[in-house]
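Following: one structure in structure tokens, then a few remarks.
Residue numbering restarts at 1 for every chain, and letters A, B, ... go by the order of the sequence lines. Given the structure is predicted, the values throughout are model-derived calculations rather than measurements.
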2 protein chains.
Amino acid sequence: MTKIVQIKQTRIQREKRLLIQKAALQVFSEFGLRGATLDKIAKACGLTKPNILYYYSSKDEIYAEVLQSLLEEWIRPLKDISENGDPLTEILKYVKKKLTMSKTKKQESKLFATEILHGAPLTQNILAGSLKETVDDKVKLLNKWISEEKIAPVDPYHLIFSIWSMTQHYADFDVQVYSLLNTKKRSRIFQDAEDFLLTFFTRCLKQD
Amino acid sequence: MTKIVQIKQTRIQREKRLLIQKAALQVFSEFGLRGATLDKIAKACGLTKPNILYYYSSKDEIYAEVLQSLLEEWIRPLKDISENGDPLTEILKYVKKKLTMSKTKKQESKLFATEILHGAPLTQNILAGSLKETVDDKVKLLNKWISEEKIAPVDPYHLIFSIWSMTQHYADFDVQVYSLLNTKKRSRIFQDAEDFLLTFFTRCLKQD
DNA sequence: TATTTTTTTGACCAAATGGACAACTATTTA
DNA sequence: TAAATAGTTGTCCATTTGGTCAAAAAAATA
């Protein structure tokens, strides 16, 4: 008995899968896994529900794939912190990069946050796996910089947490941030945020 | 035609409503509004579904009440920042208080985060209302302290955001935080976090 | 204790939703 | 262009779930 397995994706498969992923990201990030329905995703990408299920075998599979591709992108910038550059500059570059991502990848940030918030059922192994590896690696580097007195002493794990939380806050809690600022400040949130963050981390990390 | 309106709650009503609220907080914070079901809440408090609906007319009403009572508690500590105390001490006291809440009120923090993350459909008016009032008030105080050179100059709005994000991170993203720390560090997350935060804000805000 | 009021629950309903599938159409390939 | 393969959809189904309701049980009151 021969089972025929399709290896190569057709043009239409590539296009439609991408279309579905985009719509799914939008819907999942707004409503969460449970709040999102196939009908909503279908509407968002202009396909019918059975058509979507022709490309993905279930809603959960769509969610898993969207989350998966997001995670890789999410971890990447951390890896770019280089031990060759000037320590403070490297850290500030990372802060800037993360803040930019909060501005341009708001949906991704919210989806990631929702996943973690609800116990990371599909993400746990990645957190404890490749992300942990990268973090541990950078923690070592930060400790090296501290021992060389190139940055002020500080717990490197919590330093990383602080960068994540402060930058992602502008994506995840955008509704709150917008609500609390007046119109003038609202239009320059991200400039103000960058100024604040760079000042903040510089004051905290600069060696006298 | 006379309509009889019950004014005073009976003992049983008080007890059962509280019981339901507790269970609902637990379930809502774990699954979100849509992911939570009446059956789950019912199971969590040992009542039957129709019994719950005897005390609350709908799932949404339970959610609204749980959220409402949480919000007041959530805003309160900010109000306690006093213009009479030493500026840096007052700010650090607030940081400590918020971090403690992340430890002891994890469910509340997660529920609040989920609500904001998904657009704050029921909270918008409170954000723009009483919370904004309090924030604006404290921003004025912070600006006063800055102009008197009692703390280093910094955007007060973003300072408040940074306190919120960094402290709440330890509740909302606990799964991630735990995943990334080894056993030794895991057992003293909150001590390490407090040390880190106090050092950080001190370095950032202290006037030379 | 008799009566009234409050509380509880089993059984039920309608809407929403994830998904199956056969029939039909469009595209690719030989 | 004919055959084969890929893509699309209307219709249907089963499950989940928020919510109703009448009747029974428990509690409060007179």
Side-chain angles (χ1 to χ4, degrees), chain A residues 1-67 118 121-122, chain B residues 1-67 118 121-122:
Chain A
M1 205 168 82
T2 324
K3 189 159 183 189
I4 291 153
V5 179
Q6 196 189 317
I7 304 292
K8 259 176 62 179
Q9 285 194 347
T10 66
R11 169 186 57 87
I12 293 179
Q13 279 167 6
R14 264 193 310 276
E15 290 171 6
K16 293 289 163 71
R17 278 181 158 256
L18 258 176
L19 196 69
I20 294 168
Q21 279 176 40
K22 256 191 188 167
L25 171 62
Q26 193 183 307
V27 175
F28 282 133
S29 73
E30 184 171 349
F31 300 99
L33 171 54
R34 316 247 182 176
T37 67
L38 285 173
D39 284 322
K40 276 180 192 152
I41 297 173
K43 204 177 191 179
C45 63
L47 299 178
T48 63
K49 192 168 64 171
N51 201 184
I52 287 181
L53 290 167
Y54 172 74
Y55 292 103
Y56 290 93
S57 63
S58 71
K59 187 174 100 166
D60 284 10
E61 194 190 292
I62 306 176
Y63 182 77
E65 183 155 323
V66 169
L67 195 63
H118 293 357
L122 297 182
Chain B
M1 207 167 88
T2 323
K3 190 160 185 189
I4 292 151
V5 179
Q6 196 187 318
I7 303 293
K8 259 175 63 180
Q9 286 193 347
T10 66
R11 170 185 58 86
I12 294 179
Q13 278 167 4
R14 264 192 310 276
E15 288 171 6
K16 292 290 162 71
R17 280 183 156 254
L18 258 176
L19 195 69
I20 294 168
Q21 280 176 40
K22 257 191 187 165
L25 171 62
Q26 194 184 305
V27 176
F28 281 132
S29 74
E30 185 172 348
F31 300 98
L33 171 54
R34 316 246 182 177
T37 67
L38 285 174
D39 283 322
K40 278 181 191 151
I41 298 173
K43 204 178 193 177
C45 61
L47 299 178
T48 63
K49 191 167 65 170
N51 201 184
I52 287 182
L53 289 167
Y54 172 74
Y55 292 103
Y56 290 93
S57 64
S58 70
K59 186 174 99 165
D60 284 10
E61 194 190 291
I62 305 176
Y63 182 77
E65 184 156 321
V66 169
L67 194 63
H118 292 355
L122 296 182

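The side chain of B:K59 sits closest to D:dG18 out of D:dG18, C:dT8, C:dT6. Closest approach to the A:R11 side chain among D:dG19, D:dA28, C:dT27 is made by C:dT27 (side chain taken as heavy atoms from C-beta onward). Candidate nucleotides C:dT9, C:dC21, D:dG19 were compared by shortest atom distance to the side chain of B:K49, and D:dG19 ranks first. Of the candidates C:dT6, C:dT9, D:dT8, the closest approach to any side-chain atom of B:T48 belongs to C:dT9. Nearest to the side-chain atoms of A:T37 among the listed nucleotides C:dG19, C:dT17, D:dG19 stands C:dT17. The side chain of A:Y55 lies closest to D:dG7, out of D:dG7, C:dT7, D:dG19.
Within 4.0 Å of B:A42, counting heavy atoms only, lies no atom of the nucleic acid at all. As judged by a 4.0 angstrom heavy-atom cut-off over every strand, A:K16 is placed among residues touching the sugar-phosphate backbone only. B:I12 comes within 4.0 angstrom of sugar-phosphate atoms only, judged by non-hydrogen atoms across all strands, and of no base. Contacts of B:L38 with the nucleic acid, taken as non-hydrogen atoms under 4.0 Å apart, involve only primed sugar atoms and P, OP1 or OP2.
Enclosure of atom NZ in A:K22 is not indicated, since only 12 or fewer non-hydrogen atoms of other residues, nucleotides or ligands lie within 6.0 angstrom.
Between A:R34 and A:I52, it is A:I52 whose nearest contact on DNA chain D lies nearer the 5' terminus. Judged by closest nucleotide on DNA chain C, A:A36 is the one of A:A36 and A:P50 placed further toward the 5' end.
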